[in-house]
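Here the structure is laid out as structure tokens; the discussion comes afterwards.
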Amino acid sequence: MFRPLLTLHKNTPIFEIERHYDRIIQSCNTFPFLTQIHSLLTTTGIINQSVHLVARIIIKYSDFLHLQTARFLFDATHHQSSSFLSNTMLRAYANSGFCSDALNFYSLIRKTGVLPNNFTFPFTLKSCATNSVPMYGKLIHSEIIRTGFGSDVYVEAALVDMYAGCGLIEDGRQVFDKMSKRDLVCWTAMITAYEQAERAETALLLLHEMQREGFSMDWVTTVTVASAVGQLGDARNGRAVHGYAIRNVFLHELPVVNSVLAMYAKCGEVEIAETIFDLAKQRNIITWNSMLTCYTQNGLASEALALFEQMKVFGVNPNEVTALILVSACSYLGSRKHAAKIHDVIVQNKIDINITLRNAIMDMYAKCADLDTALGMFKEVPVNCLDVSSWNTLIAGYGMHGYGKEALKLFNQMKDENFQPNHITFTSVLSACSHSGLVNEGKKCFAEMEIFSVTKEPKHFACMVDMYGRAGLLNEAYEVIKDMKSQANDEVWGALLLACKIHGNTNLAEVAADNIFHLEPQHTGYYVLMSNIYADSRNWQEVGNLRRDMKNKGLRKPAAVSLIEVNNELHGFRTGEQLDTFTRNIYHKVEQMVVELKMEGYVPDLSCVFHDVEDEDKQGMLNYHGEKLALAFGLMNVDADLPIFINKNLRVCSDCHSVFKLISGVYRRKITVRDVNRFHHFENGMCSCSDYW
DNA sequence: ATAGGGTTAG
């Protein structure tokens, strides 16, 4: 409890009384305690003598997010016309995120004739920035000029930040350029503006300009610069920033640790990120989320989920960002068990499921082959609470499972509900049509893009090429590319290349490959595809040439991983894994499987083996493809009446595809395989993709 | 007796 009033003498000067209560208010840590002090000061009449104490209490109320109580106090005082107290009220609103209240309050005090000063504007501008209300911001800007505060550095920095927050960087830049004297904060504000607008190069150019002017980065600047470098994904530059942070002892600041960690994550330097995480003296939720993101973005979703377990051990509660990261990790893994668990975590921790998170969860279920749950979540939401992404998610979900008709139905329903389809909607619809062989419907949708004034991007053309390719209409596919007004990218040519592989057209394939290798000389997948096409036509010389080409460029086929969940545990299989007793059993099972299938008419597709070896070895290598190992493991361990679900990070090879089809017939098993592009549902010797993928 | 630039997710 605080010292009773009695100990203060009746004649104590007001400044001492102020100092006394000032300390008490500052150290006050509960809301009821604060109201007690408040009423004490009211009954003793002290509050009417001290604007200072009123301000203190207002700020303290806002710390407890009791803005209404703060406002009552403001309205009840006799000092309403003081600029200082109005600024305090404004600050209370602005700093606790009540931005519209702040702006309303600003209008009010302007109307009642309180004079704004150089302190008033930064608070107001901050509210405009976080609220992103450019109209209002510009209005305030003109008032700043009119009232003569246009060349105060604080006000100018706040203006730059306000314009940036409203997405009007150029207006911010104009303010910045006109400044007569710039300090480090202004420079940082401008650099941050570019960084936030994803213009990292410009941000770094401005940084160099700043350094030429003789300023060096402080820790706040370092945070922004690390973000910019992360955007560019340049690991060498990243190490330079990290080094700078170490030399200047900035790593004591948690935001610096977090931004450097996130930077390495974006540069693909998982191990350095891990070291930084391990060595961090303190961690907050952002540190944990950044590390989770690092794993998820670098294809290490299992590590992310394992780290989340750690996080629980440390007693750190997940927030809505954590939820999004975990959901996306699980989408990648395609694990139903984790999907249910993560959904549960979200509910248990009372994380607000806003529409963005809800869409992500629906996407997760779709990618875990659980469309029903996704659809159920969709239907739970009133139509006016959905957004375009909700529709897109479900349309894409149907599409990747090969339910083209349902995807189209949703698309139509979406239009009936007056939602404006965007570029992603059309990508989803077109790819749904293509996955289901709905050529005419696809053509119609493609034409519809103009009606909704959605610009046709390469990815949309790629869908069209894919659609014609699937139908065997290679000329039409080629025409689509020729008709493109913009230049075709590797994605578009890649779709044509795939069509050529499936329909065995080596000549057109060479045209496509030629273009691709010019556009994307580093992309391994296309070399593999083209080399398979040559192998199909028994052109071993060209196969050899391509392989040498790849070797010279230092390209390697990325490691294929197949995941399968058995008894609530996730197992990963890589092609040709080392033999131990565990895998030896599985290899044995595969061989046994192959023998049985051969009796059913299975002929191994040796062209699927990339290596230039004897056919007998090829057969061996084929057998040890990760998805076959996973399947064998599944057959051995999953109950006969349950479906088998395998998730692969690359395309399924055509030999594995035939094996899966045969197994589904001979062993009467339902098998679902998710590859990079889509789902394959195998049943009764057939696949939902109709052998085109 | 008050102020401006800051990190994760999409």
Side-chain angles (χ1 to χ4, degrees), chain A residues 15 18-19 22 50-56 58-59 79 82-92 94-95 117-126 129 149 152-162 164-165 172 175-176 179 182-193 195-196 198 210 215 217-228 230 245 250 253-263 265-266 273 277 283-294 296-297 318-329 351 354-357 359-360 363 387 389 424:
Chain A
F15 71 87
E18 276 184 343
R19 211 172 52 193
D22 193 48
S50 169
V51 194
H52 172 76
L53 287 179
V54 175
R56 277 279 185 246
I58 288 179
I59 291 301
H79 310 287
S82 101
S83 295
F84 166 61
L85 211 57
S86 304
N87 287 346
T88 306
M89 194 61 230
L90 203 52
R91 173 183 163 204
N95 287 351
N117 60 20
N118 51 326
F119 292 102
T120 314
F121 294 114
F123 296 132
T124 318
L125 289 170
K126 197 191 184 88
F149 292 103
D152 180 300
V153 248
Y154 285 83
V155 175
E156 285 170 311
L159 274 171
V160 169
D161 191 53
M162 180 275 289
V175 175
F176 180 79
M179 292 177 72
R182 298 182 195 99
D183 62 9
L184 182 61
V185 174
C186 300
W187 279 100
T188 310
M190 199 63 235
I191 293 171
T192 305
E195 183 268 314
Q196 295 282 334
E198 298 187 339
M210 176 188 106
F215 292 98
M217 295 153 61
D218 69 354
W219 72 263
V220 180
T221 322
T222 308
V223 167
T224 289
V225 170
S227 280
F250 289 162
E253 299 289 347
L254 192 49
V256 177
V257 175
N258 292 341
S259 67
V260 170
L261 175 54
M263 173 189 74
K266 287 181 189 142
F277 181 82
R283 297 174 194 146
N284 62 7
I285 185 69
I286 297 180
T287 324
W288 286 92
N289 287 346
S290 300
M291 197 60 223
L292 288 172
T293 307
C294 176
T296 312
Q297 300 281 31
N319 65 8
E320 69 287 350
V321 179
T322 322
L324 267 173
I325 302 166
L326 293 174
V327 166
S328 102
I351 293 170
N354 60 18
I355 195 66
T356 312
L357 182 54
N359 293 341
D363 183 58
D387 67 6
S389 306
I424 300 167

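Fair warning: this is a prediction, and the values are worked out from it, not measured in the lab. Chain letters run A, B, ... following the sequence lines, proteins first and then strands; every chain starts at 1.
Among the nucleotides dG5(B), dT7(B), dT2(B), the one closest to any side-chain atom of Val223(A) is dT7(B). Comparing atom distances between the Phe84(A) side chain and each of dG4(B), dT2(B), dG5(B) picks out dT2(B) as nearest. Among dA1(B), dA3(B), dG5(B), the nucleotide with an atom closest to any side-chain atom of His52(A) is dA1(B). Nearest to the side chain of Arg91(A), among dG4(B), dA3(B), dG6(B), sits dA3(B).
One atom, CZ of Phe277(A), and another, P of dT7(B), lie 20 Å apart when rounded to the nearest Å. Spacing between atom CZ of Phe176(A) and atom P of dG4(B) amounts to 19 Å, rounded to whole angstrom units. Going from atom CG of Leu261(A) over to atom C1' of dG6(B) covers 16 Å, rounded to whole Å. Atom-to-atom, CE of Met217(A) to P of dG6(B) comes out at 15 Å; the value is rounded to the nearest Å. Going from atom CG of Asn95(A) over to atom C1' of dA3(B) covers 10 Å, rounded to whole Å. Between Asp161(A) atom CG and dG5(B) atom P there is a gap of 5 Å when expressed in whole angstrom units. Counting to the nearest Å, the P atom of dA1(B) and the NE2 atom of His79(A) are 14 Å from each other. When the P atom of dA1(B) is taken as reference, atom CG of Leu85(A) falls 14 Å away, rounded to whole Å.
When each of Val175(A), Leu125(A), Thr124(A) is paired with Met162(A), the side-chain contact (heavy atoms from CB on, under 4.5 Å) condition holds for Leu125(A) and for no other.
At a threshold of 4.0 angstrom between heavy atoms, the contacts of Trp219(A) include nucleobase atoms, whether or not backbone atoms are also involved. At the heavy-atom level, Asn359(A) lies nowhere under 4.0 Å from the strands shown. At a threshold of 4.0 angstrom between heavy atoms, the contacts of Asn87(A) include nucleobase atoms, whether or not backbone atoms are also involved. Across all strands shown, Val155(A) has no heavy atoms under 4.0 Å from either base or sugar-phosphate atoms. Within the 4.0 angstrom heavy-atom criterion, base atoms lie near Leu184(A).
Taking 4.5 Å as the limit, every side-chain heavy atom of Cys186(A) sits out of range of all side-chain heavy atoms of Val160(A). In this structure, the side chains of Met210(A) and Thr221(A) come closer than 4.5 Å at one or more pairs of heavy atoms. Side-chain contact between Leu357(A) and Leu324(A): present, with at least one pair of heavy atoms (C-beta onward) separated by less than 4.5 Å.
Looking at residues two or more places apart in sequence or on another chain, you find a side chain to side chain donor-acceptor pair (under 3.5 Å) between Asp22(A) and His52(A), Arg56(A). In this structure Asp152(A) satisfies the salt bridge (Lys or Arg N to Asp or Glu O under 4.0 Å) test with no other residue, sequence neighbours excluded.
Under the 3.5 Å distance criterion, the side-chain polar atoms of Arg182(A) are matched with a main-chain donor or acceptor of Phe176(A).
In this structure, Tyr154(A) counts as stacked on the base of dA3(B) under the 5.5 Å centre distance and 30° plane angle limits.
Below 30°, between 30° and 60°, or above 60°: for Phe121(A) and Phe149(A) the angle between ring planes is between 30° and 60°, a tilted geometry.
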Taking only nitrogen or oxygen atoms into account, show me every contact under 3.5 Å that the protein makes with nucleotides 8-10 of chain B, one pair per line with its distance.
residue	atom	partner	partner atom	Å
dT8(B)	O2	Asn289(A)	ND2	2.8

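Counting distance only, with no hydrogens placed and no angle test, the side-chain atoms of Asp183(A) and the base atoms of dG4(B) include a donor-acceptor pair under 3.5 Å.
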